[in-house]
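The block underneath contains the structure these notes are about, expressed in structure tokens.
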Amino acid sequence: MKKALVTGITGQDGSYLAELLLSKGYEVHGVVRRSSSSNTQRIDHLLSDETLVDSRLYLHYGDLSDSSRMISLVESINPDEVYNLAAQSHVRVSFDEPEFTGNTTGLGSLRLLEAIRVAGSKARFYQASSSEMFGASPPPQNEETPFYPRSPYGVAKVYSFWITKNYRESYGLFATNGILFNHESPRRGETFVTKKITQAAARIHAGVQDKLHLGNLDAIRDWGYAPEYVEAMWRMLQTNEPDDFVVATGTQYCVRDFLGFAFERLNLDWKKYVEFDERFTRPAEVESLVGDHAKITDATGWKPRILTPELAQIMVDADVEILNSRGASWIGRPARG
């Protein structure tokens, strides 16, 4: 039985990755930050499964800002694979908290790599890199495209990319960067634009929200489906040699397009409900991110299946279902944006 250590297991990608690894027979160890309130909502269905709890799924308190804790976890668990998905991952927030973003998103990766090195671990390491590293570089972007980050988040991810590559070349670690373009799902956090849109569409349709406030509607993105992207992560660590791979769909849509797909699902005209709000713009915008997945397709056979129009529909349907199942208590809560 292989063992995997996953940081950020309570996030969107971490929860889907945990499901995938458990389905493949792994013993999964997740790192969670200590909090006075529960933050395991995305994996509660796994924790309630009596066939998994105390047998193949374990949670450990830890934080990427604590290097000694990372070392002790790697030494005690002795994982075969390590997936570093933890980060301060909101691009707009990184402008408000640049130091915290650098400490977790950037230096956190170093601490985990150093823990693997110090422990003498043979674990294969996956670093969650981001298309935000490309920033202002024109699309389509691939593994040879120069980095030009436009946010503290993007800058921190560039550091993580290069320190991962440096440890691979300096110490012989099996360390791989997955440069993932935007990927969404019903588990996306509520402050991210795609989730804000689909949740608002469901609430407006139900008559409990009047407006949706957004920033730049012209930004072009390559949106994929998160469960497919975590499969790409796993496939990267099954290759014979470590390398760096772009994961994307190769398609491009702007925020306006996503609005159309989401609101049309409920026969709504988004133009009647969306208002511009300068608070949601970035000091430095990234105009267009569109990826080329040819390399990972050649190396592993991975290909995207769900594209943006269907993705928006999946997310809207899930938000409508949540709205219906949670009833008045959830419907009556204040809208977010």
Side-chain angles (χ1 to χ4, degrees), residues 12 89-95 128-155 157-158 178-185 188-189 191-198 200-201 212-226 228-229 232 245-265 269-271 273-297 303-316 337:
Q12 170 189 253
S89 59
H90 198 287
V91 178
R92 179 62 190 84
V93 171
S94 74
F95 286 99
S129 293
S130 168
S131 60
E132 288 287 336
M133 300 188 304
F134 295 125
S137 290
Q141 294 102 355
N142 61 26
E143 294 80 5
E144 303 303 320
T145 302
F147 297 140
Y148 192 158
R150 298 273 285 169
S151 67
Y153 170 78
V155 171
K157 282 293 188 181
V158 169
I179 308 174
L180 273 58
F181 280 63
N182 295 65
H183 48 288
E184 319 296 320
S185 76
R188 193 52 145 154
T191 60
F192 289 84
V193 65
T194 51
K195 183 66 171 182
K196 285 180 66 174
I197 289 171
T198 61
L212 170 62
H213 297 91
L214 296 174
N216 181 17
L217 302 186
D218 297 317
I220 294 172
R221 294 293 184 269
D222 180 338
W223 283 295
Y225 189 40
E228 295 179 359
Y229 281 42
F245 298 97
V246 162
V247 181
T249 70
T251 61
Q252 59 180 21
Y253 296 92
C254 67
V255 176
R256 294 177 190 274
D257 295 325
F258 198 95
L259 277 164
F261 298 140
F263 277 69
E264 285 170 10
R265 183 66 169 174
D269 181 359
W270 68 266
K271 298 182 184 69
Y273 307 101
V274 175
E275 294 182 354
F276 174 77
D277 192 326
E278 190 174 352
R279 292 177 302 167
F280 300 119
T281 60
R282 305 177 186 179
E285 288 285 355
V286 173
E287 299 301 330
S288 183
L289 295 174
V290 184
D292 177 0
H293 61 82
K295 182 177 178 180
I296 191 172
T297 298
K303 291 181 180 180
R305 296 181 295 275
I306 293 176
L307 304 181
T308 302
E310 184 180 357
L311 171 63
Q313 294 176 5
I314 290 172
M315 293 176 67
V316 168

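As a basis for the values below, the full set of heavy atoms in this structure was taken, side chains included, without hydrogen atoms, waters or symmetry mates. Throughout, numbering of the chain's residues begins at 1 and tracks the sequence. Keep in mind the model is a prediction, meaning the values are calculated, not measured.
- Although no hydrogens or angles enter the test, the distance criterion places no donor-acceptor pair under 3.5 Å between the side chain of Lys195 and the main chain of Ser185.
- Contact check for Val246 versus Phe181: side-chain heavy atoms found under the 4.5 Å cut-off.
- Separating the CG atom in Leu180 from the CD1 atom in Ile296 is a distance of 8.0 Å, to the nearest 0.5 Å.
- Counted within 6.0 Å of OH on Tyr148, heavy atoms from surrounding residues, nucleotides or ligands total 12 or fewer; the atom is thus considered open.
- The distance from the CD1 atom of Ile314 to the CZ atom of Arg265 is 9.0 Å, given to the nearest 0.5 Å.
- Considering only heavy atoms from C-beta on, Leu214 stays 4.5 Å or farther from Phe280 through its side chain.
- Phe134 has its ring centre less than 6.0 Å from the ring centre of Phe147.
- Using modelled atom types, no side-chain atom of His293 and backbone atom of Pro304 make a donor-acceptor pair closer than 3.5 Å.
- Val274 is not listed as a side-chain neighbour of Ile197, based on a closest heavy-atom distance of 4.5 Å or more.
- A distance-only check finds a donor-acceptor pair linking the side chain of Asp222 to the backbone of Gly291 [under 3.5 Å].
- Considering OG1 of Thr308 and CG of Asn182, their distance stands at 9.0 Å, rounded to 0.5 Å.
- Val155 is listed as a side-chain neighbour of Pro149, based on a closest heavy-atom distance under 4.5 Å.
- Asp257 places no side-chain N or O within donor-acceptor distance of the main-chain N or O of Gly260, the cut-off being under 3.5 Å.
- Judged by distance alone, with hydrogens and angles left aside, the side-chain atoms of Glu228 form a donor-acceptor pair with the main-chain N or O of Ile306 at under 3.5 Å.
- Other residues, nucleotides and ligands contribute at most 12 non-hydrogen atoms within 6.0 Å of the CD atom of Glu144.
- Closest heavy-atom contact between Asp269 and Phe263: C-CD2, 4.5 Å.
- For Gly224 against Leu311, the heavy-atom pair with the smallest separation is O-CD2, 3.3 Å.
- Remark: Trp270 CH2 to Glu264 CD distance equals 10.5 Å, nearest 0.5 Å.
- The nearest pair of heavy atoms linking Leu212 to Lys196 is CD1-O, 3.9 Å.
- Of the possible polar contacts, one joining the Ser137 side chain to the Pro146 backbone as a donor-acceptor pair under 3.5 Å is found.
- To the nearest 0.5 angstrom, Glu132 atom CD is 10.5 Å from Lys157 atom NZ.
- Not one N or O on the side chain of Arg92 forms a donor-acceptor pair closer than 3.5 Å with the backbone of Arg282.
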| message | Does Asp218 form a side-chain contact (heavy atoms from CB on, under 4.5 Å) with Arg256? I'd like the steps, not just the answer. | response | CA-CA 7 Å; Asp218 297 317; Arg256 294 177 190 274; 2.9 Å; yes

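- For Met315 against Thr198, the heavy-atom pair with the smallest separation is CB-CG2, 3.6 Å.
- Using a distance-only test at 3.5 Å, with no hydrogens or angles considered, a donor-acceptor pair links the side chain of Gln141 to the main chain of Val290.
- The CZ atom of Arg221 sits 11.5 Å away from the OG1 atom of Thr194 when rounded to the nearest 0.5 Å.
- The closest donor-acceptor contact from the side chain of Asn216 to the backbone of Thr281 lies at 3.5 Å or more, if one exists at all.
- In this structure, Phe261 and Tyr253 have perpendicular ring planes: the angle between them is above 60°, well past the 30° mark.
- Looking only at distances, no side-chain donor or acceptor of Gln12 sits under 3.5 Å from a matching main-chain atom of Gly189.
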